Every structure is written in C-alpha cells, then in structure tokens.
Asker: 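Can you keep this structure in mind? I'll have questions shortly.
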Amino acid sequence: MATYKIAILVGSLREESLNRRVAQSICAIRGDHLECSMVQIGKLPLYNQDYDALPEQPEEYVRFRDQIRSADGILFVTPEYNRGVPGVLKNAIDVGSRPYGESVWNGKPAAIISASPGSIGGFGANHQLRQACVFLNMPVMQQPEAYLGNVTDDSFDADGCLKDGPLKDLVTKLAHAFHDWVDVIHRARAALAGTEERKAKEREPADA
C-alpha cells in the first residue's frame with residue numbers, strides 16, 4: 001500500500017486548538033501510510049496582488065508554496081468563524097493560488113474536516129472551503145462528510161489524541177477514507193498517463 005505526503009492546514013492559530021488536535025489524531029491513526037506535516041500559515045503576509053509583479057516573492061510565500069507543491073494531498077481541518085472560513089486560512093488559500101496560472105493547489109486531492117464545540121460542526125466554513133476547492137481544481141473527498149460537532153477539550157486525552165468513543169470511530173473512518181481517496185486519484189492519473197502514452201506511440205509512423 002502506497003504512502004503519501006499530506007500537507008495539513010489548520011484554520012485556527014490557537015495553541016490548544018481543537019482542530020489541530022483532530023488533525024494530530026488523524027496522523028496518529030494513519031501514520032503508517034500518511035506522512036503528515038503541519039503547514040504553518042500564521043505568519044503569511046496578507047495576500048496583495050502587488051507581490052505578483054515582484055521579481056522575488058516574500059520568503060514566507062516561497063516556503064509555503066513549496067510545501068504545498070511537494071505534497072501528494074491536502075487536508076484542511078478548520079473551525080468556523082462567523083459562519084465562514086477563518087481569515088488566516090482564506091489568506092493561505094489566496095497566497096497558494098497566485099500568481100495567476102501558477103496555483104500550487106491545482107489537481108491536489110483534498111479532504112475537508114470542520115470541528116466545533118457547537119452542534120453543527122462548522123458546516124458553513126466546510127462548504128465555503130468546498131466552493132474554493134472547486135474553483136482551484138482540487139478533487140475533494142465527498143464521503144464521509146466531516147462536520148464534527150460537540151468537540152471539546154474533554155474529547156482528547158493527555159497526549160492530545162481523541163479518546164475512544166463515537167467521535168474517534170468517525171475520525172478513524174475519515175482517516176482511512178482519505179488515504180483511499182488520495183490513492184485512487186493518483187492511481188487513476190497514472191493509469192490515464194499510461195493510456196495516453198500508448199496512444200501516442202500507436203500514432204507514431206512505422207520505420208520506413
């Protein structure tokens with residue numbers, strides 16, 4: 001079974017973020033075949049189109065784009081702020097999508113998880129993020145949907161991982177489904193590339 005490099009973006013900067021701990025739990029569950037790295041987004045300068053014309057991009061932009069570019073898949077784990085995507089995460093999405101025509105998000109398989117102490121589990125942020133991913137040409141895992149409600153500090157153990165129970169069972173299901181989603185996207189593309197290569201060779205003229 002293939003192992004994939006996963007870039008995780010957490011939409012909260014809080015040190016004890018519930019969403020960060022959910023992300024860490026996913027890494028622990030599928031650490032055998034998901035090589036996870038948390039991509040820091042808190043120090044990214046606010047996106048400004050003037051940067052696009054500069055001969056050298058801000059150092060934080062370069063670092064961030066390189067991390068996303070090298071990933072096999074993207075996992076977004078986010079709270080909901082005022083029924084929408086947190087500003088820090090939206091800024092990271094904008095930074096990665098520019099300059100025009102050079103988006104590092106293009107084609108990256110992704111999954112979106114939203115977690116909240118509230119009962120609706122960040123539904124609004126989750127779907128705003130899905131809209132952005134459609135425009136960015138990111139194939140997003142559709143099922144199982146991941147609106148994790150009623151998540152609190154008590155949901156985690158002393159190591160920051162989810163305690164045994166229904167929430168952990170759901171996150172375990174999500175972790176396995178995400179690995180399979182990334183795998184099927186990459187395998188399908190490899191198969192398609194092989195088919196196109198064979199067709200190209202078939203079109204080549206025979207030696208005289």
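Here the structure is a predicted model, which is why all the values come from computation and not from measurement. Index from 1, following the sequence.
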Asker: State, yes or no, whether a side-chain contact exists between Ser116 and Pro79 at a heavy-atom distance under 4.5 Å.
Answerer: no

Asker: Do Ile120 and Leu167 belong to the same hydrophobic cluster, where Ile, Leu, Val, Met, Phe, Trp and Tyr are linked whenever their side-chain heavy atoms lie under 4.5 Å apart, directly or via other members?
Answerer: no

Asker: Just by modelled atom types, is the Asp159 backbone N or O under 3.5 Å from a matching donor or acceptor in the Asp157 side chain?
Answerer: yes

Asker: Using only atom types and a distance under 3.5 Å, with no angle test, would you say the side chain of His179 pairs donor to acceptor with the backbone of Thr3?
Answerer: no

Asker: Side-chain heavy atoms under 4.5 angstrom apart, residues restricted to Ile, Leu, Val, Met, Phe, Trp, Tyr: same cluster for Val10 and Leu44?
Answerer: no

Asker: Can you list the steps and then say if Lys173 with Asp169 is a side chain to side chain contact (heavy atoms under 4.5 Å, CB included)?
Answerer: CA-CA 6 Å; Lys173 184 178 179 181; Asp169 292 343; over 6 Å; no

Asker: Give, for atom OG of Ser97 and atom CD of Glu102, the distance between the pair rounded to the nearest 0.5 Å.
Answerer: 11.0 Å

Asker: If you look at every heavy atom in Val88 and Gly42, which pair is closest and at what distance?
Answerer: CG2-CA, 4.1 Å

Asker: Any side-chain heavy atom of Gln131 within less than 4.5 Å of one from Val134?
Answerer: no

Asker: Does Tyr51 reach the side chain of Pro45, with side-chain heavy atoms less than 4.5 Å apart?
Answerer: yes

Asker: From Lys108 NZ over to Asp72 CG, what is the distance, rounded to the nearest 0.5 angstrom?
Answerer: 7.0 Å

Asker: Taking atom NZ of Lys43 as the centre, does the number of heavy atoms from other residues, nucleotides or ligands within less than 6.0 Å exceed 12?
Answerer: no

Asker: Let's go through Cys36 and Ile26 carefully: what are the C-alpha distance in whole Å and the side-chain angles of both, what is the deciding distance for side chain to side chain contact (heavy atoms under 4.5 Å, CB included) to 0.1 Å, and is it a yes or a no?
Answerer: CA-CA 9 Å; Cys36 300; Ile26 289 174; 5.5 Å; no

Asker: Give a yes or no on this: more than 12 heavy atoms of other residues, nucleotides or ligands lie within 6.0 Å of atom CD of Gln143.
Answerer: yes

Asker: Checking Gln24 against Arg20: is there a side-chain donor and acceptor pair closer than 3.5 Å?
Answerer: no

Asker: Less than 4.5 Å apart, side chain to side chain, heavy atoms only: is that true for Ile6 and Phe178?
Answerer: yes

Asker: Hey, could you give me each pair passing salt bridge (charged side-chain N to carboxylate O under 4.0 Å, His left out) that has a residue in residues 73-92? Not counting sequence neighbours.
Answerer: Glu80-Arg83, Lys90-Asp94

Asker: Leu34 and Ala175: which non-hydrogen atoms are nearest, and at how many Å?
Answerer: CD1-O, 4.2 Å

Asker: Can you name the closest pair of heavy atoms from Lys168 and Lys163 and give their distance?
Answerer: CB-O, 3.2 Å

Asker: For residues Asn19 and Phe76, determine if any side-chain heavy atom of one lies less than 4.5 Å from a side-chain heavy atom of the other.
Answerer: no

Asker: For the residue pair Tyr81 and Ser12, establish whether any side-chain heavy-atom pair is separated by less than 4.5 Å.
Answerer: yes

Asker: Ser114 and Gly122: which non-hydrogen atoms are nearest, and at how many Å?
Answerer: OG-O, 3.2 Å

Asker: Here's a test for you: under side chain to side chain contact (heavy atoms under 4.5 Å, CB included), which of Asp154, Leu148, Asp153 qualifies with Val151?
Answerer: Leu148

Asker: For Lys5, check salt bridge (charged side-chain N to carboxylate O under 4.0 Å, His left out) against everything at least two apart and list the hits.
Answerer: none

Asker: Show the nearest heavy-atom pair for residues Leu89 and Ile41, with the distance to one decimal.
Answerer: CA-CD1, 4.0 Å

Asker: With rounding to the nearest 0.5 Å, note down the distance linking CG in Leu75 to CD1 in Ile8.
Answerer: 5.0 Å

Asker: Quick one: does any side-chain atom of Asn126 pair with a main-chain N or O of Ala146 as donor and acceptor, under 3.5 Å?
Answerer: yes

Asker: Same cluster or not: Val62 versus Tyr47, using hydrophobic residues (I, L, V, M, F, W, Y) connected whenever any side-chain heavy atoms lie under 4.5 Å apart?
Answerer: no

Asker: Could you state whether Ile113 and Ile93 fall into the same hydrophobic cluster, counting links through intermediate Ile, Leu, Val, Met, Phe, Trp or Tyr residues with side-chain heavy atoms under 4.5 angstrom apart?
Answerer: no

Asker: Measure across Met38 and Ala23 and return the closest heavy-atom pair with its distance rounded to 0.1 Å.
Answerer: CE-CB, 3.6 Å

Asker: Please tell me whether Tyr61 and Ile68 are part of a single hydrophobic cluster in this structure, the criterion being side-chain heavy atoms less than 4.5 Å apart.
Answerer: yes

Asker: Just so I know, are the side chains of Arg98 and Arg65 near enough to count as touching, which here means a heavy-atom distance under 4.5 Å?
Answerer: yes

Asker: Angle class for the His127/Tyr147 ring planes (parallel below 30°, perpendicular above 60°, tilted otherwise)?
Answerer: parallel

Asker: Taking Gly84's backbone N and O only, do any of them form a donor-acceptor pair with Gln128's side chain (distance below 3.5 Å, no angle check)?
Answerer: no

Asker: Checking the side chain of Gln142 only, and the main-chain atoms of Val140 only, is there a donor and an acceptor separated by less than 3.5 Å?
Answerer: yes

Asker: Given the rule in the salt bridge (Lys or Arg N to Asp or Glu O under 4.0 Å) test, do Arg69 and Asp66 qualify, once you have shown the distances and angles that lead to the verdict?
Answerer: CA-CA 5 Å; Arg69 192 179 289 112; Asp66 285 346; 2.8 Å; yes

Asker: Would a 4.5 Å heavy-atom cut-off, applied to side chains only, mark Ile74 and Trp105 as touching?
Answerer: yes

